[in-house]
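See structure below.
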There are 2 protein chains.
Amino acid sequence: MIKMLTERQLFLLQVLVDDYILSAEPIGSRSISKRGDIHLSPATIRNELADLEEMGFLEKTHLSSGRIPSEKGYRFYVDHLLSPILLSDDEMRNIRKAYTERYYEAEKLIETTAQILSDFTSCTAIVLGPELLDTKLKHIQMIRLSDNRAVLIIVTDTGHVENRAVVLPDEVNGSEIERMVNILNERLIGVPLYQLKVRLQQEIHVVLNEHIQHYERMMVEIEHALTLNVPDQIYYGGKNNILSQPEFRDINKVIPLLNVLEKKDIIHGLLRSPKSGIQIKIGKENKLVAIEDCSVITTTYSVDSEHVGTVAVIGPKRMAYPRVVTLLDIISKSLTNNLNSNY
Amino acid sequence: MIKMLTERQLFLLQVLVDDYILSAEPIGSRSISKRGDIHLSPATIRNELADLEEMGFLEKTHLSSGRIPSEKGYRFYVDHLLSPILLSDDEMRNIRKAYTERYYEAEKLIETTAQILSDFTSCTAIVLGPELLDTKLKHIQMIRLSDNRAVLIIVTDTGHVENRAVVLPDEVNGSEIERMVNILNERLIGVPLYQLKVRLQQEIHVVLNEHIQHYERMMVEIEHALTLNVPDQIYYGGKNNILSQPEFRDINKVIPLLNVLEKKDIIHGLLRSPKSGIQIKIGKENKLVAIEDCSVITTTYSVDSEHVGTVAVIGPKRMAYPRVVTLLDIISKSLTNNLNSNY
DNA sequence: TGTTAGCACTCCTAGTTAACGAGTGCTAAT
DNA sequence: ATTAGCACTCGTTAACTAGGAGTGCTAACA
């Protein structure tokens with residue numbers, strides 16, 4: 001059972017977190033008391049802060065320092081004190097402007113989204129591309145490049161294009177390839193990508209064996225080519241923004257963080273969240289040593305009302321939560337709108 | 001006219017640079033004199049080093065410190081004293097092993113190359129992908145995704161695949177699209193990508209106008225789609241390796257460096273070199289403030305005996321030149337071989 | 001009873017000083 | 001030509017100091 005906080009304690013906690021987010025330095029009672037909207041003496045504030053510390057919302061960096069929020073403090077702030085801010089007209093205009101350009105590939109649009117988000121938040125932005133494996137096959141085609149080389153092109157219903165190099169056996173001729181691709185198209189269109197391989201082995205196997213000579217050698221190639229274990233694409237914006245934060249003045253804190261940002265599988269595991277809406281993970285809540293001094297805010301974007309990808313911002317725990325939450329909301333919605341109307 | 005260096009000065013310069021590359025600390029006369037292969041007193045060595053300093057090959061960090069190589073010193077070392085090293089059997093085996101895997105896309109192969117190179121050099125490796133605009137069109141295809149959306153697929157003779165989203169005018173029908181794509185293929189196959197747009201406007205314009213209804217609206221889309229100002233792909237390996245170097249302990253040196261690595265156009269300008277063979281640029285020779293403490297070693301790789309891309313290593317000026325040069329040579333050749341035999 | 005002024009105390013920071021060591025340049029002897 | 005010796009420079013480290021910011025606690029106040 002959590003003891004209720006008084007109005008005044010709530011207010012002081014909010015003020016302290018807000019101030020600390022701006023200054024990055026421990027906040028003392030005197031500096032709070034000097035604010036125009038507070039009519040309390042430093043001594044009174046000290047008492048309240050001592051109580052808040054006792055309850056675990058605040059910490060001191062050393063015995064006689066000012067206070068900084070603890071992770072529990074940030075958590076409370078984020079859960080109960082977060083007042084979404086309004087962006088200035090100017091900023092709204094800038095965001096919209098960034099989206100007016102027409103992008104000829106969804107990839108470019110997503111890349112730009114990451115860039116915008118990082119520019120406006122001064123944090124690192126990460127966008128996970130749509131989950132490829134859930135999309136369905138629209139078309140397969142093989143383009144022959146030379147006697148024994150070809151490229152297999154796979155188009156999904158979302159307009160995504162994958163391609164694979166294929167080595168052709170010497171004996172195979174053009175019409176045979178054509179026949180094979182036709183069979184593949186007949187049988188596989190509409191099949192989700194993650195099922196391709198299984199379907200190929202179970203159903204197409206037999207059919208192809210009947211119609212195509214030199215089938216076995218071809219099969220090995222096709223099977224490889226259709227094994228699409230492509231990890232979903234990850235797009236970054238402002239990868240180095242976080243380096244300017246005072247908490248990362250020490251290079252030894254930076255190295256593991258940057259290294260983990262490069263590890264696509266880890267980032268994937270960190271950000272791919274089943275829930276929709278804005279999610280905030282603070283510090284150790286992320287269960288990853290390299291980013292235990294960071295907060296991660298995620299939300300999803302959709303295509304055809306289905307959540308297909310994640311938009312995330314990663315920054316220091318001392319992040320401008322109200323601003324970032326607002327921006328993330330606006331920008332993920334813009335991305336959703338843009339994707340649905342153009343692709 | 002450069003004054004000749006004595007044998008002994010050459011030797012001492014080499015020893016000093018070698019030692020400094022290993023230790024990253026100013027080298028004093030005493031430590032050189034203690035090496036087994038040198039039978040000179042510290043005083044003698046001091047005299048020689050003073051001469052080398054006077055000639056501009058060495059520097060001191062402060063009045064009574066040991067010496068470090070100047071940029072001129074590195075330049076001389078690289079031009080005249082560089083003795084290529086042999087890699088251990090073990091390392092050769094590891095490199096070969098990394099290349100045994102079969103890659104189904106040239107992109108993956110190049111990516112792996114950057115990774116290997118960075119792992120073995122402990123520096124950052126950058127590989128510029130093949131120059132797209134010089135390759136020739138092999139095939140164009142349009143895949144319709146829905147009533148008014150399609151994706152245009154462009155395959156080059158090197159097997160590279162580009163794709164563009166296209167919005168179809170409402171009035172256009174399937175057979176018309178087919179006819180148009182056929183015309184494009186007839187007229188444009190074999191044309192280098194950078195000429196596509198011009199050829200489209202000059203030649204195809206007329207033909208299409210005759211055969212296709214609703215030609216104007218379609219044309220805008222196609223023209224956009226064929227405007228392939230794709231900057232050639234850049235692949236990185238070990239982006240953060242350089243952060244472990246003692247010369248980058250200060251975060252303020254790191255930020256501009258990492259930022260410049262993200263700027264694709266700048267990296268492009270820095271690395272795209274017309275000359276073949278191994279090129280070494282030391283510090284300020286790179287004409288870029290952000291990397292004035294770095295050296296960049298580049299070479300090219302080829303497809304069909306034509307230099308199509310660049311492989312580069314970027315590290316501190318105090319880089320293990322002999323080792324990096326050897327590795328760059330071996331690995332760029334491996335890449336060339338692999339590309340030519342598989343794609 | 002809640003609020004506040006006053007005060008002793010803690011701890012960080014910056015600046016000073018001193019000792020030490022690594023390294024140099026120069027001179028004179030070999 | 002080489003080298004031993006020596007005075008000198010400068011960076012590094014540790015110890016110490018003074019100042020300042022901030023705290024907790026106590027006692028007085030409204």
Side-chain angles (χ1 to χ4, degrees), chain A residues 3-13 15-17 19-20 22-70 73 246-247 249-250, chain B residues 3-13 15-17 19-20 22-70 73 246-247 249-250:
Chain A
K3 203 163 118 205
M4 255 326 242
L5 295 180
T6 65
E7 275 300 315
R8 198 164 71 180
Q9 284 172 331
L10 289 175
F11 181 60
L12 285 174
L13 181 54
V15 164
L16 189 139
V17 176
D19 280 7
Y20 182 63
L22 279 182
S23 73
E25 310 229 306
I27 308 294
S29 56
R30 225 177 93 84
S31 76
I32 295 185
S33 137
K34 272 199 286 199
R35 284 174 53 124
D37 54 346
I38 293 191
H39 304 280
L40 294 170
S41 75
T44 310
I45 294 172
R46 276 205 290 282
N47 282 327
E48 296 284 31
L49 296 189
D51 287 348
L52 284 168
E53 183 180 353
E54 216 164 61
M55 290 183 268
F57 295 115
L58 300 179
E59 285 173 354
K60 286 191 281 200
T61 59
H62 59 87
L63 232 154
S64 73
S65 76
R67 262 80 175 197
I68 63 172
S70 66
E247 28 271 275
R249 232 171 302 149
D250 178 9
Chain B
K3 201 162 118 206
M4 255 326 241
L5 294 181
T6 66
E7 275 300 316
R8 198 164 72 182
Q9 284 172 328
L10 290 175
F11 182 60
L12 284 174
L13 181 55
V15 164
L16 189 140
V17 177
D19 279 8
Y20 182 63
L22 281 181
S23 72
E25 308 226 308
I27 309 294
S29 56
R30 225 177 95 84
S31 76
I32 294 185
S33 137
K34 271 199 286 199
R35 287 174 51 126
D37 54 347
I38 294 194
H39 304 282
L40 294 169
S41 75
T44 310
I45 294 172
R46 275 204 291 283
N47 281 325
E48 297 284 31
L49 296 189
D51 287 348
L52 285 168
E53 184 181 352
E54 215 163 62
M55 289 183 269
F57 295 115
L58 300 179
E59 286 172 355
K60 286 190 280 199
T61 59
H62 59 88
L63 230 154
S64 74
S65 78
R67 261 81 175 196
I68 63 172
S70 66
E247 27 271 276
R249 233 173 301 150
D250 177 9

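Every chain is numbered from 1 and lettered A, B, ... according to where its sequence line falls, protein lines coming before strand lines. If you're wondering where the values come from, they're calculated on a predicted model, not measured in any experiment.
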Open item on the list: Would you say that B:L12 contacts B:R67 through its side chain, given a criterion of any heavy-atom pair below 4.5 Å between the two side chains?
Closed with: no

- [ ] Measure the shortest side-chain to side-chain distance between A:L52 and A:L5 over non-hydrogen atoms and say whether it is less than 4.5 angstrom.
- [x] yes

Task: Phosphate OP1/OP2 of D:dG11: any B:K60 side-chain N/O under 4.0 Å - done: no

Task: Rounded distance (Å) that lies between atom C1' of D:dG22 and atom CG of A:N47 - done: 14 Å

TODO: Write down the distance between CD1 (A:I68) and C1' (D:dA21), rounded to a whole number of angstrom.
DONE: 16 Å

- [ ] At under 4.0 Å between heavy atoms, which parts of nucleotides 5-22 of chain C does protein reach? Answer with one letter per nucleotide, 5' to 3': B base, S sugar-phosphate only, - none.
- [x] BB---BSS---------B

Task: Any side-chain heavy-atom pair of B:L58 and B:Y20 under 4.5 Å - done: no

Open item on the list: Over all strands shown, is A:T44 touching base, sugar-phosphate only, or nothing at heavy-atom distances under 4.0 angstrom?
Closed with: base

- [ ] Let me know the distance between CD of B:E59 and C1' of C:dT24, rounded to the nearest Å.
- [x] 16 Å

Open item on the list: Between P on D:dC25 and CG on A:D51, what's the gap in Å once rounded to a whole number?
Closed with: 11 Å

Open item on the list: Atom CZ of residue position A:R35 - does it have more than 12 heavy atoms of other residues, nucleotides or ligands inside 6.0 Å?
Closed with: yes

Task: Close side-chain approach of B:I32 and B:L40, heavy atoms under 4.5 Å - done: no

Open item on the list: On the nucleotide D:dA1, are OP1 or OP2 found under 4.0 Å from the side-chain N or O atoms that B:R8 carries?
Closed with: no

Open item on the list: Distance check needed: D:dT2 C1' versus B:L49 CG, whole Å only.
Closed with: 15 Å

Task: Check: A:D51 and A:M55 side chains under 4.5 Å, non-hydrogen atoms - done: yes

- [ ] Report the distance from atom CD of A:E7 to atom P of C:dG2, rounded to the nearest whole Å.
- [x] 17 Å

Task: For DNA chain D, the residues among residues 28-38 of chain A that have a non-hydrogen atom under 4.0 Å from it - done: A:G28, A:S29

Open item on the list: What is the separation between atom CG on A:L58 and atom P on D:dG22, rounded to the nearest whole Å?
Closed with: 15 Å

- [ ] Can you tell me the distance, in whole Å, between the CD atom of A:E48 and the P atom of D:dG24?
- [x] 12 Å

